[in-house]
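Below, chain A is the first sequence line, B the second, and so on; all start at residue 1.
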Number of protein chains: 2
Amino acid sequence: MSFDLDEFLPYQLSVAAAKISRSFAEIYRAEAGLTIPEWRVMAHLHRSGPVSVRDITARVHLDKSIVSRAASKLEGGGLISSQPHETDRRLVVLELTPDGNALMQRLGRIADDFQARLLRDLGPDAAHLQSALRRIIDGVP
Amino acid sequence: MSFDLDEFLPYQLSVAAAKISRSFAEIYRAEAGLTIPEWRVMAHLHRSGPVSVRDITARVHLDKSIVSRAASKLEGGGLISSQPHETDRRLVVLELTPDGNALMQRLGRIADDFQARLLRDLGPDAAHLQSALRRIIDGVP
DNA sequence: ACCTGTTCGTTGCGATTGCAATGAAAATAT
DNA sequence: ATATTTTCATTGCAATCGCAACGAACAGGT
């Protein structure tokens, strides 16, 4: 018996993630011209309110260079604003502009719809899928 | 209620896949100096026997340019051999060398161990996870 | 047989990524 | 108070990726 790549979990995860990511990335690319890192930064800001780059970096699983570049592009597009932190002047505090907030409200609904359809298509395994993914994300290996 | 990225399936999938991939990629990088595409090509050749680049491309979810470059590096390292197809001279037939075969036998065992440990850590959700991933990979848009 | 369209693999090129280096600011130690 | 070390964010740079273009070989139609 030889090793079967198709049954190998890291491979399956990688292929499935790439497929879903592409499919959803295409939506907010067409809808708002956002890349994946930009989308993640926006989504996090929408929920967290004003936070520094390092907070986003930590919570959104992106390198700080990527967050930094995404932020400067989003700021250029008027979707977020940035200002130095009040007391600690190393930090840069990012925040959604009204435009950015409006966009995220629209995209949030679209994302929820996408998720709902996905969960429906996956059927009863969906809950276990999410539970396993959470387990992987915060802890397992 | 605002949108929660942490509960968003495409995001969870992407983060989980990246984490597992890194973790396993580090193993065969240290073990054999292989990259992810190279590993996938090797793994497929080990199971399929001699096949053309386009077959690998189709089954292993990599662009043909990536398979092509991976193949030429593997050939340089003496792990695979390539020769033109007998009747269709557009095709390049790839095949593991004895060295490549021996390496894959070793890596296959390591991969199986990795998978076993992962499944054990994930517990009862693991089966559902794989079933959901398979569903995503071949079908659900 | 000839012509057109298609398939295959390689290569070029722009864009993206991750890592390391940099410089500014703050925390900690002496 | 000064010096050393650490933390942040940005920037530079090399490596990688995906897409498109290309040349070679084949298939199908006329």
Want to settle it: does A:R22 or A:L91 sit nearer the 5' end of DNA chain D, counting the closest nucleotide to each?
A:L91
note: B:H61, atom NE2; D:dC17, atom C1'; distance rounded to Å ~ 17 Å
Please name the pair of heavy atoms, one in B:M104 and one in B:L96, separated by the smallest distance, quoted to 0.1 Å.
CG-CD1, 4.2 Å
Does the base of D:dC19 carry an N or O that pairs as donor and acceptor with the side chain of B:S65 under 3.5 Å?
yes
Minimum-distance nucleotide (side-chain atoms of B:D63 versus D:dC19, D:dC26, D:dT6)
D:dC19
Using the closest heavy atom to pick a nucleotide of DNA chain C for each, name whichever of B:V53 or A:T35 lands nearer the 5' end.
B:V53
Can you tell me if A:E86 has over 12 outside heavy atoms packed within less than 6.0 Å of its CD?
no
Of A:I36 and A:D88, the one whose nearest nucleotide on DNA chain C sits closer to the 5' end is A:I36
B:R69 CZ - D:dC19 C1' separation (whole Å)
11 Å
Do other residues, nucleotides or ligands put more than 12 heavy atoms under 6.0 Å from B:R59 CZ?
no
Taking any heavy-atom pair under 4.0 Å as a contact, classify B:S82: base, sugar-phosphate, or nothing.
nothing
Does a sphere of radius 6.0 Å around CZ in B:R89 hold more than 12 heavy atoms from other residues, nucleotides or ligands, not counting ones at 6.0 Å or beyond?
no
Here the pair of heavy atoms bringing A:G33 nearest to A:E38 is O-OE1, 3.9 Å
At 4.0 Å (heavy atoms only), tell me whether A:S52 reaches a base, stays on the sugar-phosphate, or touches nothing.
sugar-phosphate
Using whole Å, report how far NZ of A:K64 lies from P of D:dT7.
10 Å
Nucleotide range of DNA chain C contacted by chain A, 5' to 3', under 4.0 Å to a heavy atom?
C:dT17 to C:dA26
Heavy-atom side-chain contact between B:M42 and B:L79 under 4.5 Å:
yes
What pair of heavy atoms forms the shortest contact from A:E7 to B:Q115, and how long is it?
O-NE2, 2.8 Å
Is any side-chain nitrogen or oxygen of A:R54 closer than 4.0 Å to OP1 or OP2 of D:dC8?
yes
What is the distance, to the nearest angstrom, from the CD1 atom on A:I66 to the P atom on D:dC17?
14 Å
Have a look at B:P84 and say if it touches a base, only the backbone sugar-phosphate, or nothing, with a 4.0 Å heavy-atom cut-off.
nothing
Interatomic distance where CZ belongs to A:R90 and C1' belongs to D:dT5 [whole Å]
12 Å
Spacing between B:E86 atom CD and D:dA25 atom P, to the nearest angstrom:
17 Å
